[in-house]
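Below, all heavy atoms of this structure are taken into account, side chains as well, without hydrogens, waters or symmetry copies.
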Amino acid sequence: MRRVLTSWPLIIVSTIAFFVIGYSFSVYAPRIGGPILDVLASRSDVLARLEAMDAAQMSAHFEMTLFADMLYPVAYALMLGGLAMRAFPKAGWWLAVPAFAAGGADIAENIVQLMALQGSVGLVGLKAFLTPTKFLLLVASAILVIVCWLVVGGKALRKTL
């Protein structure tokens, strides 16, 4: 498994997917007509946003969440987790945990959003935990990857000098 997750082809494909899917959000944005649910955490904010959307906007948001936003956490988890594991083979699994946990929190958040967009708002309160957790873990994993690769680069530079 480690060999697959740390392979350059998987890391490159997941990085390209990360940017392509990220761009696709801007394609959906005009059809959604306002902030996407992914950036809202409080139950009241989510419910207000749902109330403000018409049927076409909800349909566009549902489509974006189901297709683009379900793949996005897979792409960034594979990219960041793979890079962390590649930088430090022995500790890599531990360094990859925030990336994989962020992806899991994002997918759980997407499920809550899909349910809410279909009218089932009973679990919307979970976004108060899932959304900040997702962002915190995503930022932490990005910082970890940057630090890992700076350390690896510094060691390589010292060897050449």
Side-chain angles (χ1 to χ4, degrees), residues 1-32 34-43 45-46 49 60-114 116 123-161:
M1 178 62 91
R2 171 184 286 281
R3 188 177 308 155
V4 172
L5 292 174
T6 61
S7 71
W8 282 118
L10 181 68
I11 292 170
I12 291 167
V13 167
S14 61
T15 301
I16 292 168
F18 171 77
F19 286 108
V20 169
I21 296 166
Y23 174 76
S24 77
F25 294 136
S26 68
V27 173
Y28 278 103
R31 292 178 45 209
I32 293 170
I36 61 173
L37 296 175
D38 289 73
V39 298
L40 304 174
S42 78
R43 179 176 172 79
D45 288 347
V46 172
R49 178 67 185 119
H61 202 309
F62 186 88
E63 183 180 307
M64 180 199 71
T65 303
L66 182 62
F67 297 116
D69 204 14
M70 281 299 211
L71 293 174
Y72 199 55
V74 174
Y76 69 67
L78 289 174
M79 175 185 66
L80 295 171
L83 285 168
M85 291 170 67
R86 189 161 182 97
F88 289 97
K90 290 182 182 175
W93 281 109
W94 294 108
L95 297 170
V97 166
F100 296 133
D106 200 348
I107 290 170
E109 176 195 42
N110 290 337
I111 292 168
V112 169
Q113 289 172 184
L114 289 169
L123 296 176
V124 166
L126 290 174
K127 282 187 54 58
F129 169 75
L130 292 170
T131 301
T133 299
K134 166 190 74 175
F135 285 123
L136 177 69
L137 288 168
L138 186 55
V139 168
S141 63
I143 290 169
L144 270 172
V145 166
I146 291 167
V147 169
C148 287
W149 283 96
L150 286 173
V151 169
V152 168
K155 286 180 182 178
L157 185 61
R158 279 192 296 262
K159 283 183 182 179
T160 60
L161 295 178

Inset, instruction - Name all residues meeting the salt bridge (Lys or Arg N to Asp or Glu O under 4.0 Å) criterion together with D38; count only those two or more places apart in sequence or in a different chain, and write none if there are none. - result: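 For D38, the residues satisfying salt bridge (Lys or Arg N to Asp or Glu O under 4.0 Å) (neighbours in sequence not counted) are K134.
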Inset, instruction - Go through the structure and list residues passing salt bridge (Lys or Arg N to Asp or Glu O under 4.0 Å) with R43, not counting sequence neighbours. - result: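 Salt bridge (Lys or Arg N to Asp or Glu O under 4.0 Å) check on R43 returns nothing, list empty.
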Would you list the atom pairs, donor with acceptor, under 3.5 Å between side chains in residues 85-107 and any protein atom, with sequence neighbours excluded?
unit_1 : atom_1 : unit_2 : atom_2 : d
R86    : NH1    : T6     : O      : 2.5
D106   : OD2    : Y76    : OH     : 2.9

Between [X] and [Y], which heavy-atom pair has the shortest distance, and what is it?
X	Y	answer
I32	P35	CG2-O, 4.4 Å
P73	N110	CG-ND2, 4.2 Å
V4	L10	O-CD2, 3.3 Å
A128	P132	O-CG, 3.2 Å

Legend entry - Identified side chain to side chain contact (heavy atoms under 4.5 Å, CB included) partner of K155 from the options V152, V151, L157: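 The side chain to side chain contact (heavy atoms under 4.5 Å, CB included) with K155 is passed solely by V151 among V152, V151, L157.
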Inset, instruction - Verify, without hydrogens or angle tests, whether S141 (side chain) and L138 (backbone) share a donor-acceptor contact under 3.5 angstrom. - result: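 Yes.
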Legend entry - Check: D45 side chain, L40 main-chain N or O, donor-acceptor pair, under 3.5 Å: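 Not a single qualifying donor-acceptor pair exists.
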Legend entry - Residue pairs involving residues 127-161 (criterion ring-ring contact (aromatic ring centres under 6.0 Å, His included); sequence neighbours excluded):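 Non-adjacent pairs meeting ring-ring contact (aromatic ring centres under 6.0 Å, His included): zero.
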Inset, instruction - Sorted by first residue and then second, give each ring-ring contact (aromatic ring centres under 6.0 Å, His included) pair with at least one member in residues 2-27; sequence neighbours left out. - result: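 For residues 2-27, and leaving out neighbouring residues, the ring-ring contact (aromatic ring centres under 6.0 Å, His included) pairs sorted by first residue read F18-Y72, F25-Y72.
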Legend entry - Beyond-backbone contact of R31 with E63, side-chain heavy atoms, under 4.5 angstrom: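 A side-chain contact under 4.5 Å exists here.
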Rounded to the nearest 0.5 Å, what separation is found between the [atom1] atom of [X] and the [atom2] atom of [Y]?
X	Y	atom1	atom2	answer
L114	L123	CG	CG	12.0 Å
E109	L126	CD	CG	10.5 Å
Q113	H61	CD	NE2	5.5 Å
L137	L80	CG	CG	11.5 Å
S7	L5	OG	CG	8.0 Å
L78	L83	CG	CG	10.5 Å

Legend entry - Test log, rule side-chain contact (heavy atoms from CB on, under 4.5 Å), inputs V112 and L37: CA-CA 10 Å; V112 169; L37 296 175; over 6 Å; no
Inset, instruction - Please list, chain by chain and in numerical order, all residues satisfying side chain to side chain contact (heavy atoms under 4.5 Å, CB included) with L71, sequence neighbours excluded. - result: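 Scan of L71 (side chain to side chain contact (heavy atoms under 4.5 Å, CB included), adjacent residues dropped) gives I21.
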